[in-house]
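Have a look at the structure below, then the notes.
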Amino acid sequence: MSEHDTNHRTDKHDAPVSPLRRGTVRAIAPVSVVAIVATGAALAPQFASAAPALPPISAQNLLVKVAQSKVEAYSGTVALTTNLGLPALPNLSNRANPLSLLSGTHTLQVAANGPHKERIALLDTMSEYDLVHNGTQVWLYDSSQNSVEHATLPDKPGADAKLRSKADQLGKAPLTPQQAAQQLLAALSPSTYISVDGTQSVAGRAAYTLVLTPKQSGSLIGKITIAVDSDNGAPLRVAVYPHGSGTAAFDVGFQKVSFSAPSDAQFNFKAPKGSTVHEMAGQARERGMAGLSGANLNPQVLGKDWLSVVELHGVDLNALTNAAGSGSKGGSDRGNANGLFNGDISSYLNTLIGAGKQVSGAFGSGKLYTTNFLSILITNDGRLFVGSVTPAVLEADAVAQGAK
């Protein structure tokens with residue numbers, strides 16, 4: 001939503017962040033499925049109505065309200081829009097595909113009842129992609145392929161660490177306002193200006209608008225707005241804006257929401273008749289897309305706060321492109337056929353790779369890609385640096401890492 005949609009100002013000033021340091025943000029934290037983001041102005045008619053009149057609240061007290069929120073059950077419809085400034089994705093044939101979350105606007109049906117019962121359905125014109133988590137059972141269903149992936153999560157610490165790691169990664173995906181807000185607020189630091197900038201109505205509920213703004217120069221993020229339910233403190237909508245832009249790069253919010261506990265039937269899954277069920281053994285999943293997994297990419301976080309950059313290792317663009325092509329042609333590798341790469345994206349990756357600017361330095365040489373929200377450097381020795389920072393910050397981090 002544009003800043004012009006929140007015209008009922010209540011309070012605006014810096015606020016200390018001690019409440020969140022003294023305890024964990026208790027905004028809803030369900031397990032979910034995959035990635036992040038949005039034309040905020042385009043979504044505004046769906047989300048917004050006249051700004052509701054609410055009692056004034058300080059930024060400090062609003063943070064406390066979010067931190068003390070005990071909402072763990074909800075269901076509803078979420079709209080998620082992504083505009084990272086990357087080239088448009090290829091036609092995915094109207095299939096509900098997690099890869100499609102990297103651009104455009106998408107509708108998700110969500111439900112949760114505590115941290116161990118969640119369901120998210122990514123809907124599209126002709127299909128849907130579902131994640132169901134019920135206790136130790138996790139199911140992924142791709143209706144376009146009529147395929148099911150199943151995992152039994154370990155119920156004891158240390159058991160099947162690879163599978164538990166995969167489940168934890170799914171749980172960090174910000175596909176609901178609660179997940180996105182929890183990650184953002186948990187990372188608050190003195191590098192952030194915090195303010196309250198008016199009110200808004202989201203899914204028919206009155207909300208305060210919490211605004212996070214970086215103090216540090218070098219970030220491509222201009223501000224983050226979080227709509228906080230005035231009644232229960234639950235985040236209803238999160239939008240991330242590039243510096244100097246009124247159009248969000250990431251916008252996720254409820255269109256409809258109920259905070260009553262969903263029925264247990266919502267979390268029961270039975271494989272559809274005729275579907276193929278594959279077990280997600282830890283080792284098999286780790287092989288994945290051309291060997292790209294959290295384990296062998298060895299991710300490292302460089303910098304901190306708003307200037308954080310992630311460094312990945314072992315990124316072979318040729319292998320990635322070939323794997324994407326084989327996945328689009330119905331190959332047998334379950335790492336490609338798990339719904340992430342069911343479209344023909346080989347040509348897309350070739351286009352993206354060819355669009356980079358050739359750069360060199362103490363890190364070696366490689367290609368630099370920039371948008372108003374992301375900077376990406378892929379080096380010839382197989383490393384990838386990415387962050388919402390200026391190219392100068394990204395290259396400085398790469399230089400500090402040196403050549404490998």
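Numbers for residues simply follow the sequence, beginning at 1.
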Quiz item: Should Leu63 and Leu210 count as side-chain neighbours, where that means a heavy-atom distance under 4.5 Å?
Solution: yes

Quiz item: Relative to the ring of Tyr74, is the ring of Phe254 parallel (under 30°), tilted (30 to 60°) or perpendicular (over 60°)?
Solution: perpendicular

Quiz item: Roughly how far, to the nearest 0.5 Å, is CG of Leu312 from CZ of Phe385?
Solution: 9.0 Å

Quiz item: Are the side chain of Ser143 and the backbone N or O of Glu128 linked by a donor-acceptor pair below 3.5 Å?
Solution: yes

Quiz item: Between the main-chain N or O of Val389 and the side-chain N or O of Ser219, is there a donor-acceptor pair closer than 3.5 Å?
Solution: no

Quiz item: Are Phe269 and Asn134 side-chain neighbours, meaning at least one heavy-atom pair lies under 4.5 Å?
Solution: no

Quiz item: Between Ser75 and Pro262, is there a donor-acceptor pair closer than 3.5 Å when you use the side chain of the first and the backbone of the second?
Solution: no

Quiz item: Is there a side-chain contact between Glu279 and Glu149, using heavy atoms and a 4.5 Å cut-off?
Solution: no

Quiz prompt | Min side-chain heavy-atom separation Asp229-Phe259 under 4.5 Å | solution = yes

Quiz item: Do the side-chain N and O atoms of Ser365 and Asn380 include a donor-acceptor pair separated by under 3.5 angstrom?
Solution: yes

Quiz item: Any donor-acceptor pair under 3.5 Å linking the side chain of Ser230 with the backbone of Ala206?
Solution: yes

Exercise. Specify the closest pair of heavy atoms between Leu212 and Trp306, including all atoms of both residues, with the distance to one decimal.
Key: O-CH2, 4.0 Å

Self-check item: Residue from Val202, Leu62, Thr209, Thr199 passing side-chain contact (heavy atoms from CB on, under 4.5 Å) with Val228
Solution: Leu62

Quiz item: Is the closest side-chain donor-acceptor distance between Ser195 and Asp197 under 3.5 Å?
Solution: no

Quiz item: How far apart are the closest heavy atoms of Gly85 and Thr371, and which atoms are they?
Solution: O-CG2, 3.4 Å

Quiz item: Can you name the nearest heavy-atom pair linking Ile221 to Pro214, along with the distance?
Solution: O-CG, 3.2 Å

Practice problem: Could you go through the side chain to side chain contact (heavy atoms under 4.5 Å, CB included) check for Glu395 and Val359 one step at a time? | Solution: CA-CA 9 Å; Glu395 287 194 67; Val359 293; 4.2 Å; yes

Quiz prompt | Heavy-atom check, side chain of Arg383 versus side chain of Glu311, under 4.5 Å | solution = yes

Exercise. Quick one: pull up CG in Leu394 and CG in Leu307 and give me the separation to the nearest 0.5 Å.
Key: 11.0 Å

Quiz item: Can you tell me how far the NE2 atom of His243 sits from the OG atom of Ser217, to the nearest 0.5 Å?
Solution: 10.0 Å

Quiz item: Between Pro242 and Ala249, what is the shortest heavy-atom contact and its length?
Solution: CD-N, 3.8 Å

Self-check item: Asn83/Thr247 under side chain to side chain contact (heavy atoms under 4.5 Å, CB included): CA gap, chis, key distance, verdict
Solution: CA-CA 9 Å; Asn83 181 14; Thr247 298; 4.0 Å; yes

Self-check item: Straight-line distance of Leu236 CG to Gln255 CD, nearest 0.5 Å
Solution: 13.0 Å

Quiz prompt | Audit row: Thr213, Ile194, side chain to side chain contact (heavy atoms under 4.5 Å, CB included) steps and yes/no | solution = CA-CA 7 Å; Thr213 307; Ile194 306 168; over 6 Å; no

Quiz item: Taking all atoms of both residues into account, what is the closest heavy-atom pair of Ser201 and Pro52, and its distance?
Solution: N-CD, 3.8 Å

Exercise. Could you tell me whether the side chain of Leu123 reaches within less than 4.5 Å of the side chain of Gln109, counting heavy atoms only?
Key: yes

Quiz prompt | Between NZ on residue Lys367 and OG1 on residue Thr379, distance to nearest 0.5 Å | solution = 13.0 Å

Quiz item: Does Tyr141 reach the side chain of Asn146, with side-chain heavy atoms less than 4.5 Å apart?
Solution: yes

Quiz prompt | Distance, nearest 0.5 Å, that separates OG of Ser191 from NZ of Lys215 | solution = 7.5 Å

Quiz item: So, Arg119 side chain and Val132 main chain: donor-acceptor pair closer than 3.5 Å or not?
Solution: no

Quiz prompt | Short side-chain to backbone donor-acceptor contact, His313 and Val315, under 3.5 Å | solution = no

Exercise. List the steps and the verdict of side chain to side chain contact (heavy atoms under 4.5 Å, CB included) for Trp139 and Val148.
Key: CA-CA 7 Å; Trp139 303 85; Val148 177; 3.5 Å; yes

Quiz item: Would a 4.5 Å heavy-atom cut-off, applied to side chains only, mark Asn113 and Phe267 as touching?
Solution: yes

Quiz item: Between Ser69 and Ala234, what is the shortest heavy-atom contact and its length?
Solution: OG-N, 3.8 Å

